[in-house]
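Within every chain, numbering begins at 1; the chains are lettered A, B, ... in the order of the sequence lines, protein sequences first and strands thereafter.
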Amino acid sequence: MILVIISTILGISTWTIILNNQYIEINLSLTKKEASRLELINNLNYASLDLNSLDKQRSEYIFLFSHNEISKEYKKIKKILTLSKDKYYIEKIKDVDKIINELDNFKSTMKLRNDYLFHKKTLQTILNNNIYTDYKSFSTEEINIVSSWELLKDALNSSNLIMLGELRRKFNYLISGPINLKNYSLKENRQINNIASGANGVFSTTRNIIIKNIKLEEHIYNIQKYSSVLIEKLEHSLASLKEERSEKVLPPLLKNQTLIAISVVCVFLIILLIGKLLLLLRRFNNANIKSIELLSQFNKIKNNLYENPLNNIFSKKNNTYNEFHIFISEILYKFLLRTQDIVLILDKNNNSVINSDVFNIYIKNSSSLTSHYSINNQNLVFTYTSKIDEKFILFPIDYIHKVGNFGHKILFLSPPENESKNIIKNDRLESLGKISGEVAHDINNMLSVIIGSLNILRESKYLVAKEDSRVIDRALFSADKSISIIDRLLTFACCQKLSPELVDVNDLIEGLYEVICFTSEKNTTITLDLSPDVPIFYIDPGQLEACIINLCINAMNAIDGEGRIIVKTSISHSEHCEILQISVDDDGHGIPKNIQTRIFEPFFTGQKKTDGQGLGLSMAYGFIKQSGGYINVYSEVGLGTTMSLVFELGDNQ
Amino acid sequence: MKPCHYLSPLFVCLLILPTSWANAENHTLNIICSAAPATCNVLRDSFVSIYDIPTNIVRMSSGEALDFIEKNSRSNNPTDISFDVWWGGTGDTHLKAVKNGLMHKFVSSNKMLLGWSTYLSDISDGNTVGVYAGMLGIVANKKVLTAQNLDLPNCWSDLGDPKYRGQLIIADPNTSGTAYTFLSTIFQIYDPFQRIQVLAEIKENILKTPKSGSDALLPVASDDAALSVAFIHDVPLLKYQNPSLAIIIPCEGTGYEIGAASILKSTEHLKEAKMFIEYTLLASTQNVLTKKIALQMYSNANTLSSPVYNNLKNLNVINYNFNIYSRETVRNDVLSTWNNLGNVD
């Protein structure tokens, strides 16, 4: 039997080698010089392809990230060329320098473009505050004023020079044509002209943005061109190297001998592998388990699993592995690698043999000295002792698969039913958000006008007395403060315009560390526990910073005397996706249960003496909700609070 | 924009013979005009009447003008006339002459120029300025299409639909500025893989390839073909004669040309040359052109809207990169891509 298997494998491997003859020949025939040239070509192709990620429409953060990656690639190529003693390579350094130089130019243009974009936002705010909606009550001249404001808004959003030009023509016609706005209102006319014209006006700013976009495209074109020229040169040199050597290739007989030698080695290795496998199966025979029966069992498992294609990775927690456990975990690890489910393997005494990582997520807050599993009415009951009393989590069982003769079983579970209760979904908050959003929006508009008018007044040449300036400054200060309250209310109501970017959350938190330490008391220890697996995440970095700081400030306020705050990031796997958690954990006084449902309400504060307005958590709630996540609160009086920002990561993140 | 390889100094002398009386004057301003003849004549007449500077205009296409200026600069025996201004013609040909160092620095003092006009000035380091602009479009003959039970195309890619086989007339991009603008527009809209596919399909549908853009338009205007590509300001006059013509702004967005004006390096009348270009940049001068003569968009913000381009919804243009597509190497790449797609019968 063994002989038959060996001869079959021998035959297959020989044929495989013969069929792949050409491939092997190509790879084996590359000299070191040729291989390095090929590697350079591949690197250049790779870097050149990456250029497409330097999309001009992306945010600065994404750009800088991509730019650094691409620069690294080209610098790596330059290093290979520089370190090489090959004259041919050294000549090519200039070509790579040209590319790196163009990349630097790209960065400068991008920076300029972003400055103009920033100015565009300011202009947009001014224009938004001057757009009227009630046309019916306007006279013809007033409608023309409204039209010119709207025309400026269109101009600010123009995407090409021709459109911008024609809007400029229409604007000029409107302000100096037959219906002359000059005759209507000097003040309004001056205001319109100020915003439209000049180096910082709407037309100039938009023109500069469009031109910088064209310039950015040009840089990409140049880099790709220089890159492809260099690739062409390297390919040409590679071809000539191969041509030179083709005269010195081994005779066909020798080539066949090499092939035969490789075949023999391969066959030898395969035999060794099979031997090891048979040895393993024999061990199980010794343990009174028929190998064929066992394999068929696993095939059944495999088939069942493929019917439920899910994704999971096993962790080995139990230290007392016997051969069976090792075997089962290894085989299952391979089979279940592409599955996604809450899986648990129990032995005959209902002790956990293997926990899936997804299962661990559900029981992560339940860590205690004692815990046990029991099966009751198609449910798995996980019982554990908390800090105060005994608790349990109920997992509905989807399917149980019994394995072997040891009484082991694999349990496929559904998420616990009470899990959803942790997610804060409060109708009261929804209504509050709606009302706050509407009120805040209106107040925001009025405040913008107040601030604008105060600014104009402040710069007025008729304002002489210092005392007058101080009065205006005081008014401006209060107005600014009101704007910040309104901003937070708008965030709570999910009405804030977010500017999401790709953010390295760990970097962001590390950047905040000093700020958090600065705001905390001396006897509070701040610790960061950041998981290296946290991916780059698409979120508004400014708002996320504000949100984490707010959570930390709340944690600090909850600590009397000495205490500790842990800011933690972690990544875990759920049924369908990965879950990113950013949590702030404190050992403060905790939140009483009766007020836990109200902590996100605007202006609600549990502190007796505080400077806060009770908007920090509301803002965090609104922002996280708007960003597609939710906040998990776990708090026990006297023990502390853990606030977790939870995000389910989809494909796009 | 067609390059004229047979153009010789002698030929140029013959061209300007009817106006050679002006050469007797020392201060005669010699202008190469690549715009429509009517535009060239109106500009010359009004300029002479206002400034009383003898002005001589020679009409050449953009390609001819570039070829002539380049050959003249290389020649040891340049023509006996020294040209001062090159007015009109596609911006890319002007930019090419600038890159070859054939133009004199000139930055207009006119503060009312539109963004696209000063953009051309910026990318040429102040060596040329945009005077007019025009968008490219698809011109369709509804009568011919209806007779064959065919719909109007909406996009550039529709021109490659097999149902339009043998219905399309596009000029040879090697000799026509319009056709080159069309090619480079497709290059800028589609990625390298898609552009080959789109162009190959379009080329399959071509009935014939005349040398110039205007020659490609005439068969469509005379009901002999269904589709062509043209600058849309050239169509209204033909549409007046044949109402079944329709202009389509392609759904993907379209390219455009900027007509430029430059002072030649060899000028002997710099002051007058500047005066002429400044004069053509005035709103009053351009209003005369846009009302009656040529329907492009003009560069002064105070000039009236062109009746062809006054609907903002139609201004679906791409950010055409003049700097890249005026490069000799890029032009050669674009043309060789087109030429290698297979021969048209």
S.K.: Could you look at A:Ser159 and say if it's the side chain, the backbone, both or neither that has a heavy atom under 4.5 Å from chain B?
M.R.: backbone
S.K.: What residue in B:Ile258, B:Leu312, B:Leu304 has the most heavy-atom pairs under 4.5 Å with chain A?
M.R.: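 Most pairs with chain A among the choices: B:Leu312.
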S.K.: How far does CZ of B:Phe187 sit from OH of A:Tyr221, to the nearest 0.5 angstrom?
M.R.: 8.5 Å
S.K.: For A:Asn222, which atoms come within 4.5 Å of any heavy atom of chain B: side chain, backbone, both, or neither?
M.R.: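 Side chain only.
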S.K.: Sort out for me which of B:Ser305, B:Ser117, B:Ser299 touches chain A most, counting heavy-atom pairs under 4.5 Å.
M.R.: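 When all of B:Ser305, B:Ser117, B:Ser299 are compared, B:Ser305 has the most.
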S.K.: Find the one option among B:Leu114, B:Asn314, B:Thr329 whose heavy-atom pairs under 4.5 Å with chain A are most numerous.
M.R.: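 Between B:Leu114, B:Asn314, B:Thr329, the count favours B:Leu114.
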S.K.: Please report the shortest heavy-atom distance between A:Arg168 and B:Ala301, naming the atom on each side.
M.R.: CG-CB, 3.9 Å
S.K.: Would you compute the distance between atom CD1 of A:Ile211 and atom OG1 of B:Thr118 and round it to the nearest 0.5 angstrom?
M.R.: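 Nearest 0.5 Å value for the CD1-OG1 distance: 6.0 Å.
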S.K.: Check whether any side-chain heavy atom of A:Ile214 sits under 4.5 Å from a side-chain heavy atom of B:Tyr119, and report yes or no.
M.R.: yes
S.K.: Quick one: CG on B:Leu315 to CG on A:Leu164, what's the gap to the nearest 0.5 Å?
M.R.: 11.0 Å
S.K.: Give the member of A:Lys225, A:Glu218, A:Met163 that has the highest number of heavy-atom pairs under 4.5 Å with chain B.
M.R.: A:Glu218
S.K.: Can you tell if the side chain of A:Lys215 reaches within under 4.5 Å of the side chain of B:Asp122, non-hydrogen atoms only?
M.R.: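 No. Closest side-chain heavy atoms not under 4.5 Å.
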S.K.: Measuring from atom CE of B:Met297 to atom CD1 of A:Ile162, what distance do you get when rounded to the nearest 0.5 angstrom?
M.R.: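 Interatomic distance, B:Met297 CE to A:Ile162 CD1, rounded to 0.5 Å: 4.0 Å.
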S.K.: When rounded to the nearest 0.5 angstrom, what distance separates CG in B:Asn310 from CZ in A:Arg169?
M.R.: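 Between B:Asn310 CG and A:Arg169 CZ, I get 10.5 Å after rounding to 0.5 Å.
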S.K.: Give the intermediate values and the outcome of side chain to side chain contact (heavy atoms under 4.5 Å, CB included) for residues B:Tyr256 and A:Asn160.
M.R.: CA-CA 11 Å; B:Tyr256 62 98; A:Asn160 66 69; 5.9 Å; no
S.K.: Would a 4.5 Å heavy-atom cut-off, applied to side chains only, mark B:Tyr320 and A:Leu161 as touching?
M.R.: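 Not touching, per the 4.5 Å side-chain cut-off.
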S.K.: Answer with yes or no whether the side chains of B:Asn302 and A:Asn172 bring together a donor and an acceptor at under 3.5 Å.
M.R.: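 Yes, side-chain donor-acceptor contact under 3.5 Å.
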